[in-house]
Amino acid sequence: MAIAKQSDHTRVWSIDDLIRERARAQLGLVARRQLLALGLSRRGIEHRLARGVLVAVHRGVYTFTPAPLTRDGRLLAAILAGGPRAALSHRSAAARFGLPVTERRIEITVPMRRSVPGITSHVSSLLPDEREHVEGLPVTTVARTLLDLADTLTHHELEKAFNEADYLRLTSPVGLSELLRRHPRRPGSARLRAILADHTVSTAWSETDLEADFAAFLADHALPWPRRQHPVLGYRVDCAWPDRLLIVELDGRAAHATASRFDGDRMRDRELALAGWTVIRVTNRMLRSGREALARDLGLLLGRYWPA
């Protein structure tokens with residue numbers, strides 16, 4: 001028996017109380033190694049499995065509640081089955097960060113080969129700065145996740161994931177450049193180096209810089225001047241040509257840094273589109289390396305109503 005204090009009296013805790021508390025802190029799950037550490041014998045585990053007090057989810061991982069596992073519960077069950085140093089990785093980690101990668105099945109990274117039915121296990125020894133906790137689950141950092149995905153995604157898919165991580169300003173204790181030096185021969189590293197080298201947007205670029213550059217861009221290409229901070233459907237948009245139903249939003253990194261803001265921007269775009277407005281989002285990078293294409297597209301949109 002274990003003794004724990006509660007408020008102003010002493011309560012005697014049974015081993016099942018301790019198991020229940022551990023499971024409650026882990027989305028209803030508990031690992032065999034944790035049960036043994038709490039003092040339960042192997043025979044005690046088998047006895048509780050036979051009685052249905054514990055239900056096996058994976059080998060060595062049990063649930064202490066009859067309720068179906070949540071999505072996070074299934075992820076944690078896979079991590080617990082991988083052992084104490086396992087972490088969610090690859091496509092599963094990318095999905096956790098909100099990157100545009102299709103997850104086919106749960107993927108984890110483990111320090112030594114371990115087969116878990118229904119789970120894809122990758123063998124690698126993660127250093128402490130290559131993993132972190134995201135909403136309570138151990139996950140490879142976004143930089144390590146991109147490095148892991150470099151060999152499995154196409155160049156276009158990898159670039160999309162990289163750009164989304166940059167747009168959401170996801171950071172890691174150790175950046176991609178250092179990870180590429182640390183793992184120089186990882187498959188796909190050359191592809192990731194090329195994307196990193198092409199990524200020239202400065203993290204110090206300010207909203208004022210972007211506004212000034214867009215103003216210069218309009219002048220350089222003789223495009224009509226918009227209304228700035230114009231109200232549309234209760235929103236205040238960066239640039240608007242009301243008689244053309246055209247909006248340009250200047251997407252500086254600082255103003256759109258969180259996932260919730262990112263989603264909110266897209267919901268607003270959809271609402272504006274349903275009202276007949278065309279919304280174009282312009283980034284620093286577009287004004288640095290895609291000016292001619294942007295000028296052509298804006299000219300065509302404005303030309304729908306602009307006198308010949």
Side-chain angles (χ1 to χ4, degrees), residues 25-27 29-34 37 58-61 72 74-101 103-116 118-153 155 157-199 203 257 259:
Q26 296 181 158
L27 305 176
L29 295 160
V30 65
R32 181 180 182 88
R33 62 181 181 277
Q34 295 172 331
H58 294 296
R59 182 180 179 183
V61 179
D72 279 3
R74 293 193 296 274
L75 294 175
L76 180 58
I79 294 167
L80 289 173
R85 288 183 289 169
L88 209 62
S89 66
H90 293 73
R91 291 176 180 267
S92 294
R96 196 71 177 175
F97 286 116
L99 303 184
V101 173
E103 183 184 13
R104 297 188 176 91
R105 61 192 300 183
I106 298 175
E107 294 184 83
I108 60 175
T109 289
V110 295
M112 59 185 66
R113 189 164 300 282
R114 185 186 295 254
S115 177
V116 183
I119 307 299
T120 298
S121 299
H122 304 272
V123 181
S124 182
S125 295
L126 296 171
L127 294 177
D129 57 14
E130 294 177 3
R131 52 179 284 160
E132 61 181 304
H133 279 76
V134 177
E135 297 176 348
L137 298 183
V139 180
T140 52
T141 64
V142 67
R144 175 64 196 237
T145 300
L146 290 170
L147 181 65
D148 288 337
L149 290 174
D151 186 43
T152 63
L153 301 183
H155 184 91
E157 290 171 333
L158 183 61
E159 188 169 33
K160 278 180 63 178
F162 180 98
N163 288 337
E164 186 71 359
D166 179 69
Y167 183 85
L168 296 175
R169 301 186 76 183
L170 300 176
T171 60
S172 301
V174 173
L176 268 176
S177 297
E178 173 58 30
L179 279 184
L180 287 167
R181 284 192 291 270
R182 184 181 291 177
H183 305 284
R185 293 183 175 83
R186 282 293 299 268
S189 59
R191 181 186 300 161
L192 193 55
R193 282 191 187 91
I195 292 173
L196 188 60
D198 186 52
H199 184 73
T203 58

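Fair warning: this is a prediction, and the values are worked out from it, not measured in the lab.
Using a 4.5 Å heavy-atom threshold, the side chains of His133 and Val139 count as separate. Using a 4.5 Å heavy-atom threshold, the side chains of Arg186 and Leu147 count as touching. Side-chain contact between Glu132 and Thr140 is absent, with no heavy-atom pair separated by less than 4.5 Å. Under the 4.5 Å side-chain criterion, counting only non-hydrogen atoms from C-beta, Ser89 is not in contact with Thr145. Contact annotation: the side chain of His58 approaches that of Ile119 to within less than 4.5 Å [non-hydrogen atoms, C-beta and beyond]. Side-chain atoms of Val174 and Thr141, non-hydrogen and from C-beta on, never get closer than 4.5 Å to each other. Side-chain contact between Leu88 and Val134 is absent, with no heavy-atom pair separated by less than 4.5 Å.
From Thr120, atom OG1 reaches atom NE2 of His122 across 5.5 Å, with rounding to the nearest 0.5 Å. Annotation: the span from Asp129 atom CG to Leu179 atom CG amounts to 7.5 Å, rounded to 0.5 Å. Atom CZ of Arg185 sits about 13.5 Å away from atom CG of Leu180, to the nearest 0.5 Å. Once rounded to the nearest 0.5 Å, the distance linking OG of Ser172 with CZ of Arg144 reads 11.5 Å. The distance from the NE2 atom of His90 to the OG atom of Ser121 is 10.5 Å, given to the nearest 0.5 Å. Annotation: the span from Ile108 atom CD1 to Ser92 atom OG amounts to 9.0 Å, rounded to 0.5 Å.
Remark: Arg96 engages Asp72 in a salt bridge, criterion side-chain N to carboxylate O under 4.0 Å. In summary, Arg191 and Asp151 do not engage in a salt bridge, as defined by a charged side-chain N under 4.0 Å from a carboxylate O. Salt-bridge annotation for Arg181 and Glu178: present, with a side-chain N of the basic residue lying under 4.0 Å from a carboxylate O of the acidic one.
Between Ala143 and Leu176, the shortest heavy-atom contact is O-CD2, 3.5 Å. Between Gln26 and Leu76, the closest heavy-atom pair is O-CD2, 3.3 Å. Shown here for Val110 and Ala86, the closest heavy-atom pair between the two residues is CG1-CB, 3.8 Å. Shortest non-hydrogen contact noted between Ala150 and Gly188 is CB-O, 3.3 Å.
Counting heavy atoms of neighbouring residues, nucleotides and ligands inside a 6.0 Å radius, atom CZ of Arg85 does not exceed 12 of them. The environment of Arg59 atom CZ is sparse: at most 12 non-hydrogen atoms of other residues, nucleotides or ligands sit within 6.0 angstrom.
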Practice item. Test side chain to side chain contact (heavy atoms under 4.5 Å, CB included) on Thr171 and Val142 and set out the steps. Key: CA-CA 7 Å; Thr171 60; Val142 67; over 6 Å; no
Exercise for review: Take Leu153 and Glu159 through the side chain to side chain contact (heavy atoms under 4.5 Å, CB included) test and state the conclusion after the steps.
Suggested key: CA-CA 9 Å; Leu153 301 183; Glu159 188 169 33; over 6 Å; no
Point to revise | Leu99/Lys160 under side chain to side chain contact (heavy atoms under 4.5 Å, CB included): CA gap, chis, key distance, verdict | key: CA-CA 8 Å; Leu99 303 184; Lys160 278 180 63 178; over 6 Å; no
Practice item. For the pair Thr109 and Arg131, evaluate side chain to side chain contact (heavy atoms under 4.5 Å, CB included) and give the outcome as yes or no after the intermediate values. Key: CA-CA 10 Å; Thr109 289; Arg131 52 179 284 160; over 6 Å; no
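The backbone N or O of Gly82 sits less than 3.5 Å from a side-chain atom of Arg114, completing a donor-acceptor pair.
Arg193 and Ser189 share a donor-acceptor pair across their side chains, judged by distance under 3.5 Å alone.
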